[in-house]
2 protein chains.
Amino acid sequence: MPNKAFSKVKPRQPALPVNEWVYATLCELILHGEFVPGVTITLRGIAESLDVSPMPVREAASRLISEGALEVSVKRRISVSQMTQEKFDELVLARLSLEPELAALALPYIDSERLKLLIDIDKKLDVAISTGNIEDYTKYNCQFHFGIYEAAPSPVLLPIIKSLWLRFSPFYRIVAGRAGTQTLDDYHEAAIDAIKAGDPVALAKAIHEDIEEGMDMLNESIGTS
Amino acid sequence: MPNKAFSKVKPRQPALPVNEWVYATLCELILHGEFVPGVTITLRGIAESLDVSPMPVREAASRLISEGALEVSVKRRISVSQMTQEKFDELVLARLSLEPELAALALPYIDSERLKLLIDIDKKLDVAISTGNIEDYTKYNCQFHFGIYEAAPSPVLLPIIKSLWLRFSPFYRIVAGRAGTQTLDDYHEAAIDAIKAGDPVALAKAIHEDIEEGMDMLNESIGTS
DNA sequence: AATTGAGATCTGTGATCACAAATTAATAAA
DNA sequence: TTTATTAATTTGTGATCACAGATCTCAATT
């Protein structure tokens with residue numbers, strides 16, 4: 001029986017090397033929670049689903065393993081990494097340490113066009129919160145944060161932060177499905193105000209508090225996944 | 001003509017997969033400055049030098065590329081990453097943000113045996129500074145820092161910090177050969193005192209200042225490499 | 001019905017082959 | 001001697017093959 005392909009993967013533009021396309025696609029799938037943490041994944045299975053040879057999948061997978069998004073069990077079985085209390089605490093610490101810094105660095109690069117985009121995303125976010133749409137919430141929350149971070153030319157911090165989100169997202173989606181969005185404050189508005197005011201310290205603070213709130217919400221749900 | 005093998009690479013213990021041994025070996029070589037940043041490296045050349053097939057080298061290289069230690073030029077040429085002012089500033093920011101945090105986290109795990117080891121390393125470090133031995137200085141400085149960090153079970157922060165050092169070391173060795181060690185204060189002693197006192201805040205501060213000093217020393221040397 | 005064990009299948013890992021793009025070497029023209 | 005053009009080699013990338021160990025299947029035995 002031929003393996004079922006994933007729903008709606010972006011088609012590859014021929015200029016891009018296959019392994020990078022596979023990597024980007026797997027990132028998307030992980031971020032969107034298509035893989036259940038702990039359930040084994042096979043290189044040949046992915047290759048068949050993506051209609052490529054196993055080779056580029058190997059390279060993409062080894063990249064994701066070295067970034068911590070995938071993990072290999074004692075007897076060489078690959079799966080999306082499971083969350084532990086230890087990992088969670090360190091991921092939060094790393095996010096709180098790096099993301100406000102990058103946000104402050106990015107502020108001078110945020111032009112009016114990007115600000116408009118951020119405000120628009122925040123609006124969609126509010127709708128997602130009020131309607132309890134977890135799918136949209138996680139999507140627009142990600143877009144909002146990286147909409148700020150990616151304004152800055154950041155060859156070091158941005159990839160690190162991306163890898164943190166990659167490790168965090170699968171777990172986030174699991175617990176978000178239970179917790180709901182009703183208790184979420186909106187620190188994004190404080191961030192937007194800080195951007196308007198051109199105040200990097202206030203922006204860093206807003207991002208810090210936004211992360212802290214989101215993480216606190218999930219902290220007690222770790223063992224129950 | 002057969003390619004010349006690298007001097008003194010640790011032999012592979014058969015239990016370890018070949019690709020991981022290659023990865024660890026390349027890490028060592030990069031940390032020890034065996035590769036000149038910007039000079040192209042070939043997969044087949046490494047494979048021949050290490051007496052393995054090109055395949056495990058490919059996996060190790062793609063890992064190092066995704067970690068930023070190696071970079072691939074526009075026309076697919078691989079080399080050790082060159083330092084830029086942008087990268088340098090972000091690497092310093094990341095180090096200052098993460099390493100003091102991990103040091104503070106690691107403090108409770110530092111037993112008397114490890115403390116003794118750190119004191120011993122610091123002694124060798126003093127000798128290296130007074131004799132102007134750059135080689136030993138970089139080695140023992142690395143050992144001292146990771147002697148602290150590795151005390152803590154750290155699945156997230158430690159690998160990130162390792163990748164930061166991996167990107168920084170090749171550049172460090174280049175400029176250290178010019179700058180000399182004569183002006184270096186010894187913040188390591190402050191760190192040791194903080195460990196003895198069981199004071200995580202003081203330890204974080206000592207690490208912070210140690211990094212700041214070392215980085216300041218190199219900051220103006222960037223464009224001249 | 002439960003358990004065991006032999007055979008088949010699947011998986012990650014390493015080796016080898018194939019190929020287009022790029023670099024280098026060699027040769028010819030000035 | 002210098003420059004331009006062509007041939008040969010090298011390089012990264014992708015496909016395929018090989019293999020040992022793990023996993024699964026399923027019939028035979030208790």
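Numbers restart at 1 for each chain; the letters A, B, ... are given by sequence-line order, proteins then strands. For clarity, every value in this text was computed on a predicted model and none was experimentally measured.
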**Prompt:** For the pair made of CZ in B/Arg44 and P in D/dT13, what is the distance, rounded to whole Å?
**Reply:** 11 Å
**Prompt:** How long is the line joining CD1 of B/Ile46 and C1' of D/dG12, in whole Å?
**Reply:** 14 Å
**Asked** Nearest 0.5 Å, what's the CD1-CD1 distance between A/Ile129 and A/Ile134?
**Response** 9.5 Å
**B/Phe168 and B/Phe88 aromatic ring geometry - parallel, tilted or perpendicular at 30°/60° bounds** = tilted
**Asked** Which sits closer to the 5' end of DNA chain D, A/Pro54 or A/Lys75, going by the nucleotide each is nearest to?
**Response** A/Pro54
**Request:** Please name the residue in the list B/Lys87, B/Arg76, B/Arg77 that meets the salt bridge (Lys or Arg N to Asp or Glu O under 4.0 Å) test with B/Glu71.
**Result:** B/Lys87
**Prompt:** 5'-most contact on DNA chain D: B/Ile41 or A/Pro56, nearest heavy atom basis?
**Reply:** B/Ile41
**Complete:** Heavy-atom nearest nucleotide on DNA chain C taken for A/Met55 and for A/Arg76; more 5' hit belongs to A/Arg76
**Prompt:** Quick one: CG on B/Leu26 to CG on B/Leu31, what's the gap to the nearest 0.5 Å?
**Reply:** 11.0 Å
**Where chain A begins and ends its contact with DNA chain C, read 5' to 3' at 4.0 Å from heavy atoms** = C/dT11 to C/dA15
**Message:** Would you call the rings of A/Trp165 and A/Phe146 parallel, tilted or perpendicular, taking 30° and 60° as the class edges?
**Reply:** perpendicular
**Message:** As an exercise, state the distance from CD1 of A/Ile160 to OG of B/Ser163, rounded to the nearest 0.5 Å.
**Reply:** 5.5 Å
**Message:** At 4.0 Å (heavy atoms only), tell me whether B/Arg77 reaches a base, stays on the sugar-phosphate, or touches nothing.
**Reply:** sugar-phosphate
